[in-house]
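As the structure is a prediction and not an experimental result, all values here were calculated from the model.
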Amino acid sequence: MMETLPSYEDAISSPDWLDLVAAYIPIVDWPKCCLVDRRFYGQFTPRLWQDPLVTIRQLGLHPNDDLAWNRRFINRHVKSARLQTRSLVRSLDFRHFASRASGLYSSEASERAISDSFKQLPQVFPGLLCLLVDGHPELDPGSLATATRASSQPLELLDLARCRHELSPKYFSSDLFRGLVYLDISFLPGSVKTAISSSLNPKYLPELRVLRVAGREVDNATASLLFQTFGHQLWSLDLSHNKLGDEILDDLVEYCISRFTYHTDEHFEQEGKLTLPKDIGSRKYGPFQFIEESDFSQRPLILEQYLADSPFYSQRADQTELQEWQAVRPDGLAPLRRDDADTVKDALLDESLPTTSKTFSFGSLPRLGSGGLTHLCLNGNRFTSSGIERLLRTSRGRLEHFECDSSVCTPPQSQVGHDLKGLRIVGLPSSAPLFRPVISSAIRSLRVHHSLVTQVPTVSIEGLPSVSAARLAEEHVFRNVRRTYPLALEPSTNTRLTSLTLTNIPPRSTGPVIDQLTRFLGLASTQQNSIKDAQAVFQGRGPSVLRGLRHIRLELAPDFSEGTDMISTRDDVDFDKLLDPAEESFSQDTSSFFDDDGSFGVTSRSATTNKSREKAQNPAINVEGYTRWVSSPLKSYPYSDITSEYMTHYVDAAHSWTGNVFSVPVWIGPGTIGPHAAVNEYMWNVQDTALRTDVGPATPNHVAAGVPPMTYVFYAAWEAMILPRSSAIREAAKSSARFRDVATAIKQYRLRTRGTAGHWDGKLELVRAG
């Protein structure tokens, strides 16, 4: 049955009322409707036959009887059915059919029957459009490539994910696959690179728009070949759970993202605008850009931010559609294009019913290869948070759906004077401003690490129990992140965002994760009420109002056993092994940074002299010593030589985005204690030569922490502030802070707010990982 009622226009334009109401008749009544008369027969017989494996399950077939029923269906009913009737079968969905051998009437012969009949499907069902196998243990899709066909109708959807059999490199050269729009070959054995060269390419798959190649051990070289091969043809690509790193992201943007940007200054008053000072950038950051704020762009509760964009108007009366060069961002009102197999299947089946009053047509989506990627899944790879941020900045605001459930944000420890063995920090703690509409102009759906909202990254250290690592993340790293990157993602960050999935949420929390999640739900309620106010104000005499965030999915990570964390109550942590002994070599009396020792000397301002002198005069600073800095001005380099708050920094060709050497004035602060804790620690870190690297523009996070807007900062010095200190690790290992169940706390919060103005009425999902 359909989920939405027909529009008034559909109701009055349908030539036959049966066309309109047929989609709302329960499936259990379809067989009876076929017996009414010829008119009803013509309406309901195609529905009954179009997806038989799904229909028979909905009519009550028990899974234990699948094999026996399939044998009767193929050997008795199909053989006696007319060609016209068999042509009504448009989809065979084996994903939940006969996936296990059980039942009173199943036998080895029954299991062979489903496998043998699979080879003849294109001939037996000449109208077949959708074939979904997805890990079925008995089916070998390899036989389809050589199957005899009874018509010229090609498949349009093929889901072979998790099948056990390796496909031939030339598998897709068969004419049966020339019409494929959706293809899923995730988690299959075999080489993707060889397949791209042989048949997985536009020559044999000219209509392909949605491609899933997750879990195929795709490396950067293979991914680059895939991008160059398909170019802008695909609008959805899933490369999750492969072996990809940051190096491939530039190729992704270069070959697969449209060159026509959605970034515009037209919405400056509500959103701010991007300012590119000059053609410079770095390999880590990408092209340098600042967000220039207006008087209203930082106010989260103005009603104008909930208004959809004005429609496109042309000066030519005969131009009703955009030209290729006219890139106007989506207005945020249309439903998000879904790229999952079920949605694609439903759309194709809906399209195949000639008498249906269609509500959505997958086939009517743009098939020209100029749009490029709008849906991208990059879960479970080897990306860093800086790489993902560069992707978001350089993708020209074209992404509508984006997934990346894990990205490493561990600063290089060698730069900060100590080395924690196996330290790994995962999350997107600094990325929230990148999802503002000024940068992510078309984003509608996100699936990301929970730290984007909670500001609590996932922390692990070799030798430290998971429970202690969880306490370290919430009791110490959380405070570091909030000080360093104050801005978390909120519903008001981007009112176009309608769906948000947060992944890897710890199942239990000492407090911060729960507090941040419930705070986010409260902000979603505030947005909901603001949208209602906007609808009341602008109804009937203004632009349409956006829906706001309507779906939140919280994915909880596997639970850990608090009882096994015996280290938390004993003093048997071997910190000599946990903390690298090399840290001692960097210990340095804090007073050395405040005296006038001649060893620091007077340094020339030239680039060449700076580089040579810094190495000699600035050993790695004592990070732990920052806590003892309370009043005295910093007197080591660069503060000993520079009287202003800026120093000139040169970026060499190897680290430059364009390959050209350039220099920028970098803000280093006054060198004296100020009101902003993050700025104070940044100035301390700037004394270290190793941390005066990775120059980039000040982001809204930096500005919120106290950095002057429209300036450059040393990212290495800033990022180092999220690292936990040695004392914090010891405290976390001995902490006795109790955990609370996150799911229970969320449910209790929902019960407390139910029936009040603070209750968010969108769809909330809580999912526990196995």
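- Counting non-hydrogen atoms of other residues, nucleotides and ligands closer than 6.0 Å to CD of Glu217 gives a total of 12 or fewer.
- Glu400 contributes no side-chain N or O that, together with a main-chain N or O of Leu336, makes up a donor-acceptor pair within less than 3.5 Å.
- The shortest non-hydrogen separation linking Ser297 to Arg436 is O-NH2, 4.1 Å.
- Here the OG1-OH distance, from Thr495 to Tyr306, works out to 7.0 Å after rounding to the nearest 0.5 Å.
- The CG atom of Leu489 sits 11.0 Å away from atom OG1 of Thr454, with the distance rounded to the nearest 0.5 Å.
- Between His241 and Phe187, the angle of the ring planes lies from 30° to 60°, which puts this pair in the tilted group.
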Could you walk me through whether Asp93 and Ser91 pass the side chain to side chain donor-acceptor pair (under 3.5 Å) check? CA-CA 6 Å; Asp93 192 341; Ser91 171; 5.4 Å; no
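- Considering every non-hydrogen atom in both Arg768 and Pro507, the closest pair reads NH1-CB, 4.3 Å.
- Residue Arg547 places its CZ atom among 12 or fewer non-hydrogen atoms of other residues, nucleotides or ligands, all under 6.0 Å distant.
- The existence of a salt bridge linking Arg496 and Asp309 is confirmed by a sub-4.0 Å separation between a basic side-chain nitrogen and an acidic carboxylate oxygen.
- Side-chain N or O atoms of Trp30 include none that pairs as donor or acceptor with a backbone N or O of Thr55 at under 3.5 Å.
- At distances below 3.5 Å, not a single donor-acceptor pair connects side-chain atoms of Arg508 with backbone N or O atoms of Val467.
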Show the numbers, then the answer: is there a side chain to side chain contact (heavy atoms under 4.5 Å, CB included) between Ile425 and Val408? CA-CA 6 Å; Ile425 303 177; Val408 178; over 6 Å; no
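- Between the CG atom in Leu549 and the OG1 atom in Thr498 there is a gap of 7.5 Å [rounded to 0.5 Å].
- In this structure the side chain of Val213 never reaches within 4.5 angstrom of the side chain of Ser186, judged on heavy atoms.
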Run the side chain to side chain donor-acceptor pair (under 3.5 Å) test on Thr384 and Asp246 for me, step by step, so that the C-alpha distance in whole Å, both residues' side-chain angles and the decisive distance to 0.1 Å come before the verdict. CA-CA 7 Å; Thr384 66; Asp246 291 353; 2.3 Å; yes
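- Side-chain contact between Phe227 and Leu237: present, with at least one pair of heavy atoms (C-beta onward) separated by less than 4.5 Å.
- Closest approach of Ala737 to Glu475, counting heavy atoms only: CB-OE2, 3.2 Å.
- Using a distance-only test at 3.5 Å, with no hydrogens or angles considered, a donor-acceptor pair links the side chain of His136 to the main chain of Phe97.
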Stepwise salt bridge (charged side-chain N to carboxylate O under 4.0 Å, His left out) check, Arg550 with Asp761: CA-CA 8 Å; Arg550 303 308 302 156; Asp761 61 10; 2.7 Å; yes
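- For the pair His263 (side chain) and Ile439 (backbone), a donor-acceptor distance under 3.5 Å is present.
- Checked options Val210, Leu373, Leu211, Leu376; the residue passing with Trp235 is Val210 (criterion: side-chain contact (heavy atoms from CB on, under 4.5 Å)).
- Checking Thr503 against Glu555 by side-chain atom types alone, no donor-acceptor pair falls below 3.5 Å.
- Rounded to the nearest 0.5 Å, atoms CZ (Phe383) and CD1 (Ile388) are 5.5 Å apart.
- When all heavy atoms are compared, the tightest approach of Tyr262 to Gly397 is CD1-O, 3.2 Å.
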Side chain to side chain contact (heavy atoms under 4.5 Å, CB included) assessment of Tyr485 paired with Ile722: CA-CA 9 Å; Tyr485 304 110; Ile722 72 170; 3.9 Å; yes
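- Remark: the backbone N or O of Asp405 is paired with a side-chain donor or acceptor of Asn504 at under 3.5 angstrom.
- For the pair Asp339 and Arg212, the salt-bridge criterion is met [side-chain N within less than 4.0 Å of a carboxylate O].
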Run the side chain to side chain donor-acceptor pair (under 3.5 Å) check on Ser240 and Glu403 step by step: do they pass? CA-CA 9 Å; Ser240 300; Glu403 297 187 14; 5.1 Å; no
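- Looking at every heavy atom in both residues, Gln50 comes nearest to Arg47 through CG-O, 3.6 Å.
- Every residue meeting the side-chain contact (heavy atoms from CB on, under 4.5 Å) condition with Ala341, not counting sequence neighbours, appears here in chain and number order: Arg95, Leu132, Asp159, Tyr182.
- Of the possible polar contacts, one joining the Ser407 side chain to the Gly427 backbone as a donor-acceptor pair under 3.5 Å is found.
- Judged by distance alone, with hydrogens and angles left aside, the side-chain atoms of Arg216 form no donor-acceptor pair with the main-chain N or O of Asn242 at under 3.5 Å.
- A side-chain contact (heavy atoms from CB on, under 4.5 Å) with His450 is found for exactly one of Thr458, Leu556, Leu554, Leu428, namely Thr458.
- Ionic pairing of Lys345 and Asp184 is not present here: no N-O contact between side-chain nitrogen and carboxylate oxygen is shorter than 4.0 angstrom.
- Contact check for Ile552 versus Phe520: side-chain heavy atoms found under the 4.5 Å cut-off.
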For a side chain to side chain donor-acceptor pair (under 3.5 Å) check, start with the C-alpha distance between Ser492 and Gln305, then their side-chain angles and the critical distance, and finish with the verdict. CA-CA 9 Å; Ser492 61; Gln305 71 175 326; 5.5 Å; no
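- Note that CG of Leu234 is 12.5 Å distant from NE2 of His375, once rounded to the nearest 0.5 Å.
- Counting only distance, with no hydrogens or angles, the side chain of Ser525 and the backbone of Leu521 share no donor-acceptor pair below 3.5 Å.
- A side-chain donor-acceptor contact under 3.5 Å links Arg57 to the backbone of His96.
- At a threshold of 4.5 Å between non-hydrogen side-chain atoms, the residues Ile248 and Leu239 do not count as touching.
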Step by step, would you call Arg471 with Phe739 a side chain to side chain contact (heavy atoms under 4.5 Å, CB included)? CA-CA 9 Å; Arg471 289 193 174 101; Phe739 287 96; 3.6 Å; yes
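- Using a 4.5 Å heavy-atom cutoff, the side chains of Leu523 and Gln527 are not in contact.
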Yes or no on side chain to side chain contact (heavy atoms under 4.5 Å, CB included) for Ile443 and Leu392, after CA distance, side-chain angles and deciding distance? CA-CA 10 Å; Ile443 199 71; Leu392 295 171; over 6 Å; no
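- Residues Ser385 and His449 have side chains not in contact (no heavy-atom distance under 4.5 Å, counting atoms from C-beta outward).
- Residues His759 and Arg750 are in side-chain contact: their nearest non-hydrogen atoms beyond the backbone lie under 4.5 Å apart.
- One distance of note links CG of Leu766 with CG of Leu517; it measures 9.0 Å at 0.5 Å rounding.
- Annotation: side chain of Val481 is in contact with side chain of Pro457 (closest heavy-atom distance under 4.5 Å).
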